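Quick note on labels: first sequence line is chain A, next is B, and so on, each numbered from 1. Given the structure is predicted, the values throughout are model-derived calculations rather than measurements.
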Number of protein chains: 2
Amino acid sequence: MKQAQAALKMENFETLCRERGIPLTVQRRVILGALVGREDHPTADQVYEAVADRLPGLSRATVYRALETLVEVGVIHRASHLGNAARYDPNTERHHHLTCLKCHKVVDLEEAALDAIRLPGGLQGFEIMDYSVHLQGLCPECRKKTRPLKAKSA
Amino acid sequence: MKQAQAALKMENFETLCRERGIPLTVQRRVILGALVGREDHPTADQVYEAVADRLPGLSRATVYRALETLVEVGVIHRASHLGNAARYDPNTERHHHLTCLKCHKVVDLEEAALDAIRLPGGLQGFEIMDYSVHLQGLCPECRKKTRPLKAKSA
DNA sequence: CTCCGTGCAAAAGGTTTGCACTGGT
DNA sequence: ACCAGTGCAAACCTTTTGCACGGAG
């Protein structure tokens with residue numbers, strides 16, 4: 001059940017916070033709660049809307065900060081490039097992207113093997129026009145620089 | 001060679017513009033020229049920086065508009081969701097995304113077939129930690145609403 | 001010649017930050 | 001009690017838009 005998963009995720013979050021000495025605030029709990037209950041991918045503002053009644057006087061800044069914390073702890077993901085600016089790509093052929101988790105560099109990958117993926121059927125009623133594979137990892141430079149495990153230099 | 005490709009892309013752009021009655025301005029040409037010369041995925045601001053000396057008095061607004069035009073004509077792609085807000089995803093398991101090209105809705109897709117993709121080797125020195133498949137198309141609702149081919153309502 | 005594109009500046013989101021206060025540990 | 005988190009408001013960054021002018025078709 002989703003309910004059970006949500007409860008697990010919340011427990012997991014609490015454990016992780018205690019381990020890392022991160023204060024467990026009401027805001028963070030409610031925000032995570034609102035997030036795990038959803039199937040869509042809400043924006044920060046939508047999260048704010050969702051929890052505003054449960055947290056009177058809540059500030060949008062807090063939503064942003066709490067979401068950031070949740071991402072750091074690892075209980076949610078942020079779906080978008082870290083930089084909030086759009087990027088433009090002159091390569092209009094089918095290609096894929098390699099993104100560096102550390103420096104956020106994006107490089108193209110033209111790889112016939114990835115172009116040949118057979119898409120499964122019944123994609124929730126979507127009519128697929130195109131697809132691309134998004135690979136995330138460490139670029140050569142960042143691999144040299146550090147041997148990171150955790151995100152923050154903490 | 002990349003040079004030849006760039007020249008071809010420029011010619012292609014000019015042809016498409018003439019076909020569609022889109023004025024061919026210096027700005028658009030220079031901006032496209034700066035873009036096809038690069039391997040990275042510059043932001044609008046980086047494009048502005050790149051062409052600023054060649055186009056004195058250039059406005060950032062023009063860069064945005066020109067980029068938009070280039071995307072419409074199809075000679076470049078925009079790499080990012082149209083909505084400029086970050087989205088948060090409580091699902092931290094391996095999963096993929098279906099994005100609607102019209103309403104920009106994003107839904108999760110958990111599909112074992114896509115989890116089993118064998119990654120090719122020699123990924124430009126990257127150490128891959130994770131990957132996901134990004135499918136783009138029309139969601140059921142938008143498929144009903146219109147029969148779009150072109151972006152603009154002209 | 002007519003329009004559309006451009007430049008400028010202001011507006012419109014989205015996100016971050018400084019500061020005083022509150023709440024978690 | 002201490003330190004980090006919160007709320008508020010202002011700052012900041014990216015992108016869009018209105019308007020007058022100039023260049024493209």
S.K.: To the nearest angstrom, how far is B:Phe13 atom CZ from D:dA24 atom C1'?
M.R.: 13 Å
S.K.: Check whether NZ of the Lys or CZ of the Arg A:Arg60 lies under 6.0 Å from the centre of the six-membered ring of A:Tyr48 and within 45 degrees of that ring's axis.
M.R.: yes
S.K.: Please report the interatomic distance NZ(A:Lys9) to CG(A:Leu35), rounded to the nearest 0.5 Å.
M.R.: 8.5 Å
S.K.: According to a strict under-4.0 Å criterion, is B:Arg28 in side-chain N/O contact with OP1 or OP2 of C:dG5?
M.R.: yes
S.K.: Among the nucleotides D:dA24, C:dT15, C:dG24, which one has an atom lying closest to any side-chain atom of B:Val26?
M.R.: D:dA24
S.K.: Please classify the nucleic acid contact of B:Ala44 as base, sugar-phosphate, or nothing, using heavy-atom distances under 4.0 Å.
M.R.: sugar-phosphate
S.K.: If I take atom CD in residue B:Gln46 and atom C1' in nucleotide D:dT14, what distance separates them, rounded to the nearest angstrom?
M.R.: 13 Å
S.K.: Which residue, A:Ala61 or B:Arg18, contacts DNA chain D at a nucleotide closer to its 5' end, judged by nearest heavy atom?
M.R.: A:Ala61
S.K.: Should A:Tyr64 be listed as having a side-chain N or O under 4.0 Å from OP1 or OP2 of C:dT16?
M.R.: no
S.K.: Quick one: on DNA chain C, does A:Thr43 or B:Pro23 contact a more 5' nucleotide (nearest heavy atom)?
M.R.: B:Pro23
S.K.: Expressed as a whole number of angstroms, how long is the span from B:Leu67:CG to D:dT16:C1'?
M.R.: 14 Å
S.K.: Please figure out whether B:Tyr88 or B:Ile22 has its closest DNA chain C nucleotide nearer the 5' end.
M.R.: B:Ile22
S.K.: Within less than 4.0 Å of OP1 or OP2 of D:dC8, is there a side-chain N or O belonging to A:Ser59?
M.R.: no
S.K.: Is a salt bridge present between B:Arg94 and B:Glu110, judged by a nitrogen-to-oxygen distance below 4.0 Å?
M.R.: no
S.K.: What's the CG-C1' distance between A:Leu70 and D:dT6, to the nearest Å?
M.R.: 15 Å
S.K.: Taking N and O atoms by type only, does the side chain of A:Arg65 place a donor or acceptor under 3.5 Å from a partner on the base of D:dG7?
M.R.: yes
S.K.: Rounding to an integer number of Å, can you tell me how far A:Asp45 CG sits from C:dA12 P?
M.R.: 16 Å
S.K.: Less than 4.0 angstrom between a side-chain N/O of B:Gln27 and OP1 or OP2 of C:dG7, yes or no?
M.R.: yes
S.K.: Once you round it to whole Å, what is the distance between P of C:dG5 and CD of B:Glu72?
M.R.: 9 Å
S.K.: Would you say a side-chain N or O of A:Thr25 is under 4.0 Å from OP1 or OP2 of C:dG23?
M.R.: no
S.K.: For the residue pair B:Asp115 / B:His95, report whether a side-chain donor-acceptor contact shorter than 3.5 Å exists.
M.R.: no
S.K.: Rounded to the nearest Å, what distance is computed from the CZ atom of residue A:Arg29 to the C1' atom of nucleotide C:dG23?
M.R.: 12 Å
S.K.: Which whole-number value in Å describes the distance from A:Arg60 CZ to D:dA10 C1'?
M.R.: 15 Å
S.K.: Establish, yes or no, whether a centroid distance under 6.0 Å links the rings of B:His41 and A:His97.
M.R.: yes
